[in-house]
Amino acid sequence: MSGAAPSGATQHPGSDHPWLPDLNWAPVAPFWAAAREQRLVFPRCGRCGRFQWYPQDMCPDCRVMAFEWAEVSPSGYVFSHTTLRRSFVPHFDNLLPLEIGLIKFVHAPGVTLVTNVLDTPAGGVHIDAEVTIVFPEVAPGVNLPMARLC
Amino acid sequence: MSTSSTTSKNSTMSRNSLTDAISIVGVGESTYRRRSSEPVTGLITGAVKAAVEDAGLSLDEVDGIVTDSTIGPVIMPADELAANLGLPDRVFHAQMSTGGSGVVGAPMLAAQAIASGMAETVVCYFGVDWGSSAGGPYQFHGTDPYKATLEMPFGFYGQPIYFAPVVRRYAHQYGLTEEQLANVAISTRAWAALHPGAMKRTPLTLEDYRSSPVLADPLRVLDCCLLTDGGAAYVMTSTERAKDLRHKPVKVSGVSFSSSRVSSHSYLSQHEDYLSTQAQVTGPRAMEMAGVTPEDVDFLEIYDCFTISCLLQAEDLGFAPKGAGASLFADGNAAPGGRLPINTHGGLLSHAYVLGIAHVVEAVRQLRGGCGERQVPDAEVGLVSGYSGWEHSSLVLTA
């Protein structure tokens, strides 16, 4: 599939990973900085404690603008998943088939992390499987949070 | 959504001054192709001209334009359309939410403009060149920085990829077989086979479905809508005036829009209610405004971007219990000759992917009568379901 790089992302065809986030895009920059330190953080409302993912300005529960980045346990479970057979992202072809998981966290309700499930054969993932989030360095200075089956 | 807020809004949305206030009096479509030799602006302009002619009106009488808020205005802004058509005095111009929920909900805006006397003849238009343009419908999502930053690094990009885990979760929660999903594609294609304007008309078998390539497990190519270059339009005016026009008026009896409290940035991944759509709100409200119940509805035109999204909306609208949508497609129930026909033109799966406006056009044609082989017998009430992920519109049309 063709298509120019949208804002907020950069392509690194030279790296092992074909599509990297723009680590400096302000709304999620702290998420990537924490991943670099092997930590998982999500925005949590300083007033009511609601987790908000993806980030936004105001908490839709208590209508206060007081989000803080809170570290959460990297233990999660598979809410749903798929095996990517054909990618619409450029340059992904040699990663296929690729396991994609929608990961939820008991201690961060409301958050779903879209990521890849590592080191599993195609079809090896199932709903409710327990995972832990790890942070492989996929390009110099770029760590992506990914799931590994427990 | 809480039960109490639904109840209170339902009571304000029951039959009201806008019920049956306007009618759809003209419809027009371009030819639908994967790759058109004409520019999409020409396809849209031609469809609008055809719709106005179908109504028996003059373009000089068109004084209002409405489309969706996100796609139509980018592909062809209303002023560009008005300039092409030579509209002398455009007094009303509005945009109604995104894509399918926009073009199905558009009569809500037109009804207010016409009932208030602000405008007399309002055209809804839509068109895409996503069959031929680079990146097609995917590129439209790729421009969102949340998508590009948080989902594309993991390959979660392109609408089929978002819906594959929906199927997985649905199957886990309610049970769903390959054959049940295939029935949606097979039934929809059976309707397209009866429509001379549909892009895919060769009937499908279960074997065809099973040999269709998997894009993202378990979603196959035949679970996905087509890619299309094309445009369509419909013309609205007061029901009073419609009585003197060329065709039997098709009344806008109920229309409802609702958005959940997630934004477009989530692309399904963050929806708290992962297996439901806002059709659960708009369906009951639109039917209440029209004074009808699901038992009164003769056919459904549902935004079938994927087989699974068609099932979700059919349930949410109130035609099957949650988790039992597949029963609507069992035993040919939704196919030609079935008890409750669904997507009688072939839908987005087999007719054309113009995001719901062709669903409105088809509902109008069914309610006028004269659809030949695919005519639903004694069609008097049709419900159109327009989806765009986090937003939804329902439109009840009556003969």
Side-chain angles (χ1 to χ4, degrees), chain A residues 1-10 17-23 25 27-28 31-32 52-56 60-61 78-90 92 95-102 109-116 122-123 125-128 138 142 144-146, chain B residues 132-173 212-221 224 227 260-272 274-275 308:
Chain A
M1 270 297 146
S2 58
S7 60
T10 49
H17 202 82
W19 188 279
L20 298 175
D22 177 351
L23 305 182
W25 187 54
V28 288
F31 179 75
W32 303 118
Q52 176 63 43
W53 194 242
Y54 300 139
Q56 61 187 35
D61 279 349
V78 175
F79 177 71
S80 195
H81 63 101
T82 185
T83 306
L84 190 65
R85 306 280 175 183
R86 183 186 151 189
S87 177
F88 298 92
V89 186
F92 257 78
L95 294 182
L96 303 181
L98 182 65
E99 291 297 317
I100 296 176
L102 305 190
V111 169
T112 305
L113 182 69
V114 174
T115 190
N116 298 132
V125 182
H126 61 89
I127 287 177
D128 292 338
V138 299
V142 183
L144 297 183
M146 292 187 177
Chain B
S132 61
S133 65
Y138 323 118
Q139 179 60 17
F140 167 62
H141 288 184
T143 57
D144 185 308
Y146 287 90
K147 162 67 56 186
T149 304
L150 293 170
E151 298 187 347
M152 286 174 72
F154 308 101
F156 198 69
Y157 175 59
Q159 288 87 329
I161 317 305
Y162 320 151
F163 281 92
V166 174
V167 176
R168 268 273 160 70
R169 185 72 201 179
Y170 184 100
H172 174 81
Q173 198 152 325
S212 171
V214 174
L215 294 171
D217 299 44
L219 212 66
R220 299 177 180 280
V221 169
C224 306
L227 293 174
S260 61
R261 66 173 202 178
V262 291
S263 75
S264 62
H265 301 312
S266 71
Y267 295 104
L268 301 186
S269 66
Q270 305 302 324
H271 288 200
E272 286 172 354
Y274 189 64
L275 299 178
I308 185 68

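Proteins come first, then strands; the chains are lettered A, B, ... in the order of their sequence lines, and each starts at number 1. Reckoned from all heavy atoms, side chains included, excluding hydrogens, waters and symmetry mates.
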Heavy-atom pairs under 4.5 Å with chain A are the metric here; pick the option from B:Ala164, B:Ser263, B:Gly155 that has the most.
B:Gly155
Examine whether an atom of A:Phe31 lies under 4.5 Å from a heavy atom of chain B, and if so say whether it belongs to the side chain, the backbone or both; otherwise answer neither.
side chain
Validation row: B:Asp217, A:His81 side chains within 4.5 angstrom (heavy atoms)
no
Heavy-atom proximity to chain B below 4.5 Å, by part of A:Ile100
side chain
With chain A as the partner, which of B:Lys147, B:Arg261, B:Glu151, B:His265 has the greatest number of non-hydrogen pairs under 4.5 Å?
B:Arg261
Verify the distance criterion only: is there a donor paired with an acceptor across the side chains of A:Gln56 and B:Tyr146 at less than 3.5 Å?
no
For the aromatic rings, using the six-membered ring if either is Trp, is the centroid distance between A:Phe92 and B:Tyr157 under 6.0 Å?
no
Need one label for B:Pro160: side chain, backbone, both or neither, based on atoms under 4.5 Å from any heavy atom in chain A.
side chain
Suppose we screen for ring-ring contact (aromatic ring centres under 6.0 Å, His included). Which residues come up paired with B:Tyr162, at least two apart in sequence or across chains?
B:His141, B:Phe156, B:Tyr267
Without swapping roles, check the side chain of A:Asn116 against the backbone of A:Met146 for a donor-acceptor pair under 3.5 Å.
no
Would you mind checking which part of A:Pro97 comes under 4.5 Å of any heavy atom in chain B, side chain (CB onward), backbone (N, CA, C, O), both or neither?
neither
